[in-house]
There are 4 protein chains.
Amino acid sequence: MAKQGTLRQRLRDVTAEAMLEAAERAMVKKGYDKATMAQIAAEAGCATGTFYLYFKNKEELFEAIIARHGKVLFETARAGMETTDDPLEKVRRGAEGHLRYIHQHKPFFRLFLTAMPMRQRTLHAKLSPRVRQQHEDYSQLELEALRAAQKKGQVRRDLPVELLQQFMDAVGINIVEEFLFSNCKRSLDEQMEIIWGLITGGIGARSSHERS
Amino acid sequence: MAKQGTLRQRLRDVTAEAMLEAAERAMVKKGYDKATMAQIAAEAGCATGTFYLYFKNKEELFEAIIARHGKVLFETARAGMETTDDPLEKVRRGAEGHLRYIHQHKPFFRLFLTAMPMRQRTLHAKLSPRVRQQHEDYSQLELEALRAAQKKGQVRRDLPVELLQQFMDAVGINIVEEFLFSNCKRSLDEQMEIIWGLITGGIGARSSHERS
Amino acid sequence: MAKQGTLRQRLRDVTAEAMLEAAERAMVKKGYDKATMAQIAAEAGCATGTFYLYFKNKEELFEAIIARHGKVLFETARAGMETTDDPLEKVRRGAEGHLRYIHQHKPFFRLFLTAMPMRQRTLHAKLSPRVRQQHEDYSQLELEALRAAQKKGQVRRDLPVELLQQFMDAVGINIVEEFLFSNCKRSLDEQMEIIWGLITGGIGARSSHERS
Amino acid sequence: MAKQGTLRQRLRDVTAEAMLEAAERAMVKKGYDKATMAQIAAEAGCATGTFYLYFKNKEELFEAIIARHGKVLFETARAGMETTDDPLEKVRRGAEGHLRYIHQHKPFFRLFLTAMPMRQRTLHAKLSPRVRQQHEDYSQLELEALRAAQKKGQVRRDLPVELLQQFMDAVGINIVEEFLFSNCKRSLDEQMEIIWGLITGGIGARSSHERS
DNA sequence: CATGAATGAGTGTTCATTCAT
DNA sequence: CATGAATGAACACTCATTCAT
């Protein structure tokens, strides 16, 4: 019974995964609102009703798609952070992880930025609890690194870390948005360098500069 | 005839103005998509059909709302720029003008950022030609100021002014977005100081720093 | 008072006439349903409301247009009949009068056949009483002529005149319809000859044939 | 799979058939334009949306109704033609087939003649390709029969067969229209005899008469 | 589990008609 | 008489969701 349950569960997950992929494809093609459940089902090669066995409604379906990316995104970023001990470099590698993942999934992020169904684009938006948690966790790690960097004098001390983080997010997200929607020809590494240059300027060890 | 035309025109404008206000109120309340023409009309205290005497359709109605704000927004910003001759200060005052206006019209900008109907959130989005032009014009002024600032060594020279501007927009928009959607208690001036601090860091006269 | 009334009446008629012409132009251009009262008013160079001072509603406006043509059409046909004493020739000249008038007002008749608003195309349709009467009157004259022709052995006697008339109408109307809607290059006289040839065949003095 | 497909298809056809019948009933009652989709759905005992699973829109729904009748109408007429070898008799039986079918479906033909949605009443009107083809095919057969009849001296030779056919259509359609809209008490056979009598007169072997 | 036919509430838009000025 | 701004009922069509099979 237990084994069967597990097997069932595994099958269920595989199916759900396939459906998410199909739904993402359809939504990327048409946009969230204009992708009808019928089209999504056609893309998945199953009946409309079937989706409702796996997801409560269209919105939750989209949230699941987001969650699926969110999980990998934050895992990647966290993994990046752990490849070094230097606080500021931690932050940079985390950011780079983000950027790299987004780069590899441009169409989805275009969809995400463009068509969030709840129309709440802020980072604090009401995402699915799972993603929210993932974001929260990553956020904590980043804050810790920023605090350490402050201690080491790598970043300015006159502003709270929360604000520095907010600034980083702002720069990151919006510049990435530019890169996503414009036909940016710059390579990933060039982009990263530019973004990081700007961020460093903003959060950099100002006090020391000012002193000098 | 001319006078009558003027009178008619004036009445028309007053009515259109009132309708725009009502529509804005309704959309702010419900969001662009969910605010039905019926609700909007109710808010304006007139019949549905009446709106179609003044605006071709729902989308143009929204564009008119945007244009109405856009006009004042950019005029304010431009006026701010012209109160000084120092290039970098020009840029700062322009940005401050933006921020101040947005602050005074939070609900609308929440709507705007949240519910753009064409789902094109980039700054270069296809707005109504009028707004687009206004934005373009302001953009040119800002670029000129940035170039002058570069010449005077007030901002870094290693990046093209277009990129610096993009960075400023990114910071401005997204931080403002934060302020709009979170319950930010900071005063306008505090906000401006923070934003400008970060921006200055990013675009600041880096070359000299690096030399040192 | 009486004179003034007459003057007023004359002015009224002139105005109404102009409105009818304008309305016909607009409807011919767009079709009955698609010609909006606004467009019609624009064509007439007056306000929408003005039409409702002269005609109860759109349908009566159209009926008035029909009546205006009907009057002349039947007068022409009747006049034609009275230019001869031979019964069958009377009938022919009446028919020719019809055809000639229709020919000179193709656009209107296309409109009429195409877009009758009450969607009642039969000749016995509920036209405005005036036109109905005019049609009735002409019909009587034609029947009398046919009866006389029967007596003289010019047309078959085995069918009632009403049926012969019906047959004539049928041929006339539908062949004319063909001529109106197809790009018929035949001259009016050629057309008339063909139609009359067919009609003569149908109603012609059969009894003599049968004897032979 | 094939069997299932056939079963599904069969069910679909049955449903579509029922919907067509209901729609025809509703439209016959109210007229094409005034029969709303809601009323039609009520007549069919289903929801509005359901119709859109079977027909793209109201116009195609009507076209399907027409096509359904057209198919049987022309098949009946053709079958009638093939029951004899005499050319003129072929033509007569074809016409009789038409008349008989129309007689059995008076309400529909009243609707058809009254409310053609595209407002193109000519016989060459833009019907659905299927019906158009069916009409075309039958038309060809009739023309061949007329040509054969001309050769045998059964019908006049001084006019092209196309014109004779046009004449027949004209008489047929319009007389039938009369019969449909007036309260004609004549039996089908009587009607046919009359129509055929008139047609024979028009297209009859004139040349021989003229010679005599 | 899967299906897909059926649902029906919901919406933007048009336009003949009215009526205060 | 003339105006034309305002009206608001009416309608075709869509699509997320359900449920009998």
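Within every chain, numbering begins at 1; the chains are lettered A, B, ... in the order of the sequence lines, protein sequences first and strands thereafter. All values reported here derive from a predicted model rather than from experimental measurement. Heavy-atom basis, side chains included; hydrogens, waters and symmetry copies ignored.
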For [N], take OP1 and OP2 only and decide whether either is under 4.0 Å from a side-chain N or O of [X].
X: D/Y52; N: F/dC13; value: yes
X: C/T48; N: F/dG4; value: no
X: B/T36; N: E/dT11; value: no
X: D/R12; N: E/dG4; value: no

Nucleotide [N], atom [atom2] - distance to [atom1] of [X] in whole Å:
X: D/F62; N: F/dA12; atom1: CZ; atom2: C1'; answer: 17 Å
X: B/K56; N: E/dT13; atom1: NZ; atom2: P; answer: 9 Å
X: B/D33; N: F/dT14; atom1: CG; atom2: C1'; answer: 14 Å
X: B/K30; N: E/dG10; atom1: NZ; atom2: P; answer: 12 Å
X: B/M37; N: E/dT13; atom1: CE; atom2: C1'; answer: 9 Å
X: A/F51; N: E/dT3; atom1: CZ; atom2: P; answer: 10 Å
X: B/Y32; N: E/dT11; atom1: OH; atom2: P; answer: 13 Å
X: D/K58; N: F/dC13; atom1: NZ; atom2: P; answer: 8 Å

Pairwise P distance, E/dC1 and F/dT21 [rounded to whole Å]:
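Taking atom P in both F/dT21 and E/dC1, they lie 22 Å apart.
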Would you kindly compare C/A35 and A/L53 by the position of their nearest DNA chain E nucleotide and give the one closer to the 5′ end?
A/L53
Under the side-chain contact (heavy atoms from CB on, under 4.5 Å) rule, what do C/T50 and C/M19 come out as? Steps first, then yes or no, please.
CA-CA 10 Å; C/T50 311; C/M19 297 182 112; 3.7 Å; yes
Looking only at atom types and distance, does a side-chain atom of D/K30 sit under 3.5 Å from a main-chain N or O of D/R25, one as donor and one as acceptor?
no
Where the side chain of D/Q39 meets the backbone of D/T36, is there a donor-acceptor pair that is under 3.5 Å apart?
yes
Between D/F112, D/F62, D/F108, which is the residue that forms a ring pair (Phe, Tyr, Trp, His ring centres under 6.0 Å) with D/H69?
D/F108
Cation-pi, C/Y32 ring and C/K58 (6.0 angstrom, 45 degrees):
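Yes, a cation-pi geometry.
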Is there a Watson-Crick or G-U wobble partner for E/dC1 with both distances under 3.5 Å, and which nucleotide is it?
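By the stated definition (distances under 3.5 Å), nothing pairs with E/dC1.
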My understanding is that a pair needs two contacts under 3.5 Å, Watson-Crick or G-U wobble. By that rule, which nucleotide pairs with E/dT14?
F/dA9
The residue, D/G49 or B/C46, whose nearest nucleotide of DNA chain F is more 5′ is B/C46
Quick check on DNA chain F: between A/T50 and A/A38, whose nearest nucleotide comes earlier from the 5' end?
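Its nearest nucleotide being more 5', the pick is A/A38.
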At under 4.0 Å between heavy atoms, what does B/Y54 touch on the DNA or RNA strands: base, sugar-phosphate, or nothing?
sugar-phosphate
